[in-house]
Peer 1: 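One structure is given below, represented as structure tokens, and several questions about it will come after.
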Amino acid sequence: MAKSQSVDPEADFAPLPLTVQHERSLPASSLLTRLAARNGAPSVYQFCVDLAFPVDLLFRGEPLAIAQLAQLAGCDAAALSQVSIRHLGHSRFRLRDEIATTHSLQRTRIRICPECLRQYPHRS
């Protein structure tokens with residue numbers, strides 16, 4: 001796991017040369033995963049270490065980390081923030097209009113939206 005970092009408010013991330021389109025329902029954590037794969041990273045954590053990007057703060061929904069991911073992806077930060085998870089404190093998170101606890105969130109398995117999979121270009 002990547003070392004915990006603080007968000008550097010001075011960090012300015014230029015859009016990556018290889019990006020993916022931000023779909024309006026795609027939260028920040030999923031966008032980050034797609035960006036890492038698109039750029040050939042062996043893992044999301046290695047991708048973030050290579051870029052000095054604060055992955056743990058993004059997964060907690062820190063607004064500045066979401067804005068910095070939007071810079072990397074070349075997408076609208078407000079739209080990304082609207083669909084991304086937010087830490088509310090005391091093991092509670094908000095995702096859109098739903099409240100979840102750390103017990104109900106599972107991030108250890110890869111889950112793929114079937115529609116997203118159909119849209120992804122297949123490799124031969």
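Every heavy atom of this structure was used, including side-chain atoms; hydrogens, water molecules and symmetry mates were not.
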Peer 1: Give, for atom CG of Leu69 and atom NE2 of His22, the distance between the pair rounded to the nearest 0.5 Å.
Peer 2: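 Answer for the CG-NE2 pair, Leu69 versus His22, is 8.5 Å.
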
Peer 1: Leu31 pairs by side chain to side chain contact (heavy atoms under 4.5 Å, CB included) with which of Leu72, Thr19, Leu58, Val20?
Peer 2: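 In the set Leu72, Thr19, Leu58, Val20, the residue that makes a side chain to side chain contact (heavy atoms under 4.5 Å, CB included) with Leu31 is Val20.
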
Peer 1: Provide the closest heavy-atom pair for Phe59 versus Phe93 in the form atom of the first, atom of the second, distance.
Peer 2: O-CE2, 4.5 Å

Peer 1: Using the side-chain contact (heavy atoms from CB on, under 4.5 Å) rule, take Leu26 and Arg34 through it: C-alpha gap first, then chi angles, then the decisive distance, then the call.
Peer 2: CA-CA 10 Å; Leu26 193 69; Arg34 292 182 68 203; 3.5 Å; yes

Peer 1: At what distance, to the nearest 0.5 angstrom, does CG of Leu57 lie from SG of Cys48?
Peer 2: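 If I round to the nearest 0.5 Å, the distance is 10.5 Å.
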
Peer 1: List the atom of Ala67, the atom of Ala77, and the distance in Å for their closest heavy-atom pair.
Peer 2: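 Shortest heavy-atom separation between Ala67 and Ala77 comes out as CA-CB, 4.1 Å.
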
Peer 1: List the atom of Gly61, the atom of Ile66, and the distance in Å for their closest heavy-atom pair.
Peer 2: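 Shortest heavy-atom contact: O-CD1, 3.8 Å.
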
Peer 1: Kindly compute the distance separating CD (Gln71) from CG (Leu16), expressed to the nearest 0.5 Å.
Peer 2: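 Here the rounded value is 11.0 Å.
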
Peer 1: Apart from Leu88 itself, which Ile, Leu, Val, Met, Phe, Trp or Tyr residues share its cluster (side-chain heavy atoms under 4.5 Å, direct or through members)?
Peer 2: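 Besides Leu88, the cluster holds Ile99.
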
Peer 1: Looking at residues at least two apart in the chain, or sitting in another chain, which of them share a side chain to side chain contact (heavy atoms under 4.5 Å, CB included) with Ala41?
Peer 2: Ala36, Phe47

Peer 1: Please answer whether the main-chain N or O of Ser29 pairs with a side-chain N or O of Thr33 as donor and acceptor at a distance below 3.5 Å.
Peer 2: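 Checked: pair present.
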
Peer 1: Applying the 4.5 Å side-chain criterion to the ILVMFWY set and letting contacts propagate, would Leu95 and Val83 be lumped into a single cluster?
Peer 2: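 Leu95 and Val83: separate clusters.
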
Peer 1: Tell me if the CZ atom of Arg92 is crowded by more than 12 foreign heavy atoms within 6.0 Å.
Peer 2: no

Peer 1: Using 0.5 Å steps for rounding, measure from the CD atom of Glu23 to the OG atom of Ser30.
Peer 2: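 Glu23 atom CD to Ser30 atom OG measures 11.5 Å (nearest 0.5 Å).
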
Peer 1: Can you list every pair that meets side-chain hydrogen bond (donor to acceptor under 3.5 Å, both in side chains) and has a residue in residues 77-90, with sequence neighbours left out?
Peer 2: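 Counting only pairs at least two positions apart or across chains, the side-chain hydrogen bond (donor to acceptor under 3.5 Å, both in side chains) contacts touching residues 77-90 are Arg60-His87, Ser81-Arg86.
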
